[in-house]
Amino acid sequence: MPITASAVSLNVDDVSASSAFLTCHFGFREEAAADGFASLAREDAGMNVIYLRRGLASLPDDQRDDHAGGVILAFVVDDLEAELARLTAEGVAVTMPLREEPWGERAFQVRDPNGVIVQLVDWNGSAGR
């Protein structure tokens, strides 16, 4: 089974707000959009991020009202401190300060307007070297 592309699909209340957050602060672009739907991409992301409006009739009954709670969009970056400074300067609230885990991961988190967690990560911690 060849996989030709990957995507993560998240149910949110306000598709436009989440889409604008990723395009404005993370350099994604909207590839396709319709009422209650947006597909975003970056050449270097390795996946698309798709937002679907909660309650959308095209979703199966058992998923229709779910929210993307508990999902973390994690992006590995080269310069974590620079990204933290950039996002802070852009007025994005940091919801988990930069920290280092025992296994070498360093990360901080922000949330989009729908509460979706976006985590920026590097593996430059002392255990990761």
Side-chain angles (χ1 to χ4, degrees):
M1 166 188 78
I3 296 175
T4 60
S6 295
V8 60
S9 184
L10 306 169
N11 296 352
V12 296
D13 290 319
D14 187 343
V15 168
S16 296
S18 285
S19 179
F21 187 79
L22 277 192
T23 57
C24 178
H25 299 295
F26 293 93
F28 279 78
R29 72 182 183 293
E30 234 177 43
E31 284 197 325
D35 183 36
F37 165 84
S39 178
L40 293 93
R42 274 183 62 130
E43 296 303 321
D44 58 353
M47 67 172 189
N48 282 26
V49 176
I50 297 171
Y51 292 109
L52 299 171
R53 185 180 60 238
R54 284 177 50 185
L56 205 58
S58 62
L59 292 169
D61 290 342
D62 65 338
Q63 299 173 21
R64 191 166 293 151
D65 295 316
D66 288 348
H67 183 272
V71 173
I72 297 174
L73 287 177
F75 302 125
V76 178
V77 298
D78 290 330
D79 191 342
L80 196 59
E81 284 80 0
E83 294 303 322
L84 178 58
R86 178 186 64 80
L87 289 167
T88 301
E90 291 175 2
V92 176
V94 175
T95 56
M96 183 186 85
L98 178 60
R99 66 186 200 195
E100 182 175 329
E101 300 296 346
W103 50 87
E105 176 188 50
R106 296 181 333 128
F108 71 90
Q109 294 179 347
V110 300
R111 286 183 183 258
D112 85 353
N114 285 289
V116 175
I117 299 167
V118 180
Q119 178 171 295
L120 275 70
V121 177
D122 75 16
W123 293 93
N124 296 330
S126 57
R129 293 183 191 161

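Everything numeric in this text was worked out from a predicted model, so none of it was measured.
- Under the salt bridge (charged side-chain N to carboxylate O under 4.0 Å, His left out) criterion, D61 pairs with R64, not counting sequence neighbours.
- For the residue pair S6 and G46, the shortest heavy atom distance occurs at CB-O, 3.9 Å.
- Residues L22 and V49 meet the side-chain proximity criterion, which asks for heavy atoms closer than 4.5 Å.
- Formation of a donor-acceptor pair under 3.5 Å by the N124 side chain with backbone atoms of R106 is not found in this model.
- Pairing each heavy atom of C24 with each of E90, the nearest pair is O-OE1, 4.5 Å.
- Here the shortest heavy-atom pairing between D65 and G55 reads OD1-CA, 3.8 Å.
- Taken from CG in L52 to OG in S39, the straight-line distance is 9.5 Å, to the nearest 0.5 Å.
- Annotation: side chain of V94 is in contact with side chain of L84 (closest heavy-atom distance under 4.5 Å).
- Two residues are said to be in side-chain contact when any heavy atoms from C-beta on lie closer than 4.5 Å; N11 and H67 fail this criterion.
- Remark: R29 engages E31, E43 in a salt bridge (charged side-chain N to carboxylate O under 4.0 Å, His left out) (not counting sequence neighbours).
- Atom CG in L40 sits 9.0 Å away from atom CD1 in I50 (nearest 0.5 Å).
- The backbone N or O of A85 lies less than 3.5 Å from no partner atom in the side chain of T88, so there is not a single donor-acceptor pair.
- With sequence neighbours excluded, no residue forms a side-chain hydrogen bond (donor to acceptor under 3.5 Å, both in side chains) with D62.
- A distance-only check finds no donor-acceptor pair linking the side chain of R42 to the backbone of F28 [under 3.5 Å].
- Two different hydrophobic clusters hold Y51 and L56 under the rule that ILVMFWY side chains link at heavy-atom gaps under 4.5 Å.
- Within the 3.5 Å criterion, the main-chain N or O of S16 finds no donor-acceptor partner in the side chain of R53.
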N/O donor-acceptor pairs under 3.5 Å from side chains in residues 70-78, not counting sequence neighbours:
none

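- Clustering ILVMFWY residues whenever any of their side-chain heavy atoms sit less than 4.5 angstrom apart, transitively, puts L59 in the very cluster that holds F37.
- At a threshold of 4.5 Å between non-hydrogen side-chain atoms, the residues V110 and F26 count as touching.
- For R111, there are no side-chain hydrogen bond (donor to acceptor under 3.5 Å, both in side chains) partners at least two apart in sequence or on another chain.
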For residues 112-121, tabulate all N or O donor-acceptor pairs below 3.5 Å that involve a side-chain atom, not counting sequence neighbours.
{"residue": "D112", "atom": "OD1", "partner": "N114", "partner atom": "N", "Å": "2.7"}
{"residue": "D112", "atom": "OD1", "partner": "G115", "partner atom": "N", "Å": "3.0"}
{"residue": "D112", "atom": "OD1", "partner": "V116", "partner atom": "N", "Å": "2.9"}
{"residue": "D112", "atom": "OD2", "partner": "S18", "partner atom": "OG", "Å": "2.4"}
{"residue": "N114", "atom": "OD1", "partner": "D13", "partner atom": "N", "Å": "3.4"}
{"residue": "N114", "atom": "OD1", "partner": "D14", "partner atom": "N", "Å": "3.1"}
{"residue": "N114", "atom": "ND2", "partner": "D14", "partner atom": "O", "Å": "2.7"}
{"residue": "N114", "atom": "ND2", "partner": "S18", "partner atom": "OG", "Å": "2.7"}
{"residue": "Q119", "atom": "OE1", "partner": "Q109", "partner atom": "NE2", "Å": "2.6"}

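- Separating the OG atom in S58 from the CD atom in Q63 is a distance of 10.0 Å, to the nearest 0.5 Å.
- Residues V8 and V15 fall within the same hydrophobic cluster, defined by Ile, Leu, Val, Met, Phe, Trp and Tyr side chains chained together at heavy-atom separations under 4.5 Å.
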